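Residue numbers count from 1 along this sequence. Since the model is a prediction, treat every value here as computed from it, not as a measurement.
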Amino acid sequence: MKTRSKNILATLSAAFAAAMALAACNAEDDMQLSYQHTVQAGLYSMHTHNDTTLTKVQIFGIGREDSLLYDEESIGKLFLNLNLSRCTTEYVFCTQTLQDDLFFTYQKQKEPVSGSSGIAMELTLDSVGHTTTFIDSIAVVESKIRYNESLENIKIFIY
């Protein structure tokens, strides 16, 4: 009887250790994925609908430690990390003397993938809002944001 109790206890201990390792893997993956889930955006002229570039642009996130993403750079395409601990992310765009804000709301869903822990986060944009100082409009081209995928998600049309 003692041997059977020891076997059960050993099995339960092993199962608990495996569950803890899996939970740690998932938490670690969520942190790693936060830098790999980005809204990919292109800038376009509202008048011609052609690619455009903004100069001396600063972009920073609201409520983030790593808030400054672009510092007085010329950009035509940009990558905006989404906060995986929330379902909203906000950014401020500054170009010379003008400023606009950009707001994302999204849903998160874990999806099975191959790899060490077997899951990744997939995000779906619900809405993209903005102020209108120099941003005319935003078109969502691809609402799904998948781990390590390279697709333009939004088009930002500039006055």
Side-chain angles (χ1 to χ4, degrees), residues 18-95 98-159:
M20 294 304 289
L22 182 60
C25 174
N26 291 342
E28 190 176 299
D29 284 347
D30 283 353
M31 290 179 70
Q32 290 172 355
L33 293 178
S34 67
Y35 295 103
Q36 306 228 1
H37 279 85
T38 59
V39 171
Q40 298 178 46
L43 300 178
Y44 297 86
S45 166
M46 184 56 204
H47 304 292
T48 65
H49 290 246
N50 293 331
D51 295 1
T52 193
T53 302
L54 290 176
T55 58
K56 295 187 178 180
V57 174
Q58 285 187 313
I59 299 176
F60 57 92
I62 296 173
R64 299 175 59 111
E65 283 183 35
D66 59 344
S67 67
L68 186 62
L69 297 180
Y70 296 89
D71 190 11
E72 303 222 357
E73 297 179 36
S74 293
I75 59 170
K77 302 232 178 272
L78 54 142
F79 302 90
L80 302 170
N81 297 333
L82 295 180
N83 185 341
L84 290 183
S85 65
R86 299 176 26 185
C87 290
T88 61
T89 302
E90 301 173 35
Y91 284 97
V92 176
F93 282 55
C94 300
T95 178
L98 302 174
Q99 175 180 317
D100 263 325
D101 299 332
L102 188 58
F103 318 93
F104 295 98
T105 61
Y106 42 92
Q107 296 176 30
K108 304 178 289 186
Q109 181 175 341
K110 291 188 176 185
E111 294 291 325
V113 295
S114 62
S116 61
S117 64
I119 57 170
M121 193 72 71
E122 179 179 277
L123 306 177
T124 304
L125 290 175
D126 287 328
S127 65
V128 181
H130 61 92
T131 56
T132 58
T133 305
F134 63 90
I135 296 176
D136 175 77
S137 57
I138 297 176
V140 176
V141 181
E142 175 57 55
S143 63
K144 297 280 186 192
I145 300 166
R146 295 178 184 93
Y147 174 74
N148 214 21
E149 190 170 70
S150 182
L151 291 173
E152 185 174 79
N153 301 104
I154 62 172
K155 292 183 177 195
I156 301 174
F157 292 94
I158 306 298
Y159 286 118

Test Thr105 against Ser127 for side-chain hydrogen bond (donor to acceptor under 3.5 Å, both in side chains), laying out the working first.
CA-CA 5 Å; Thr105 61; Ser127 65; 2.5 Å; yes
What residues form a side-chain contact (heavy atoms from CB on, under 4.5 Å) with [X], not counting sequence neighbours?
X	value
Asp101	Val92, Gln99, Phe103, Thr131
Ser150	Gln40
Thr95	Val57, Leu98, Phe134

What verdict does the side chain to side chain contact (heavy atoms under 4.5 Å, CB included) test give for Thr89 and Leu80, after you've listed the backbone C-alpha separation in whole Å, the side-chain angles of each residue and the deciding distance to 0.1 Å?
CA-CA 9 Å; Thr89 302; Leu80 302 170; over 6 Å; no
Could you tell me which residues satisfy salt bridge (Lys or Arg N to Asp or Glu O under 4.0 Å) with Glu152, sequence neighbours excluded, listed by chain and number?
Lys77
Identify, with sequence neighbours excluded, every residue that meets salt bridge (Lys or Arg N to Asp or Glu O under 4.0 Å) alongside Lys144.
Glu122
CG/Asn81 to CZ/Phe104 distance, rounded to the nearest 0.5 angstrom?
10.5 Å
Partner residues of Phe157 under the ring pair (Phe, Tyr, Trp, His ring centres under 6.0 Å) criterion, sequence neighbours left out
Tyr44, His49
Please evaluate residues Thr88 and Tyr106 with respect to the criterion side-chain hydrogen bond (donor to acceptor under 3.5 Å, both in side chains), reporting the C-alpha separation (whole Å), side-chain torsions for both, the decisive distance (0.1 Å), and the verdict.
CA-CA 6 Å; Thr88 61; Tyr106 42 92; 5.8 Å; no
Assess whether side chain to side chain contact (heavy atoms under 4.5 Å, CB included) is satisfied between Ile62 and Tyr91, documenting all intermediate values.
CA-CA 6 Å; Ile62 296 173; Tyr91 284 97; over 6 Å; no
Are Asn153 and Ile145 close enough, and set up right, to give a side chain to side chain contact (heavy atoms under 4.5 Å, CB included), and what steps lead you there?
CA-CA 7 Å; Asn153 301 104; Ile145 300 166; 3.7 Å; yes
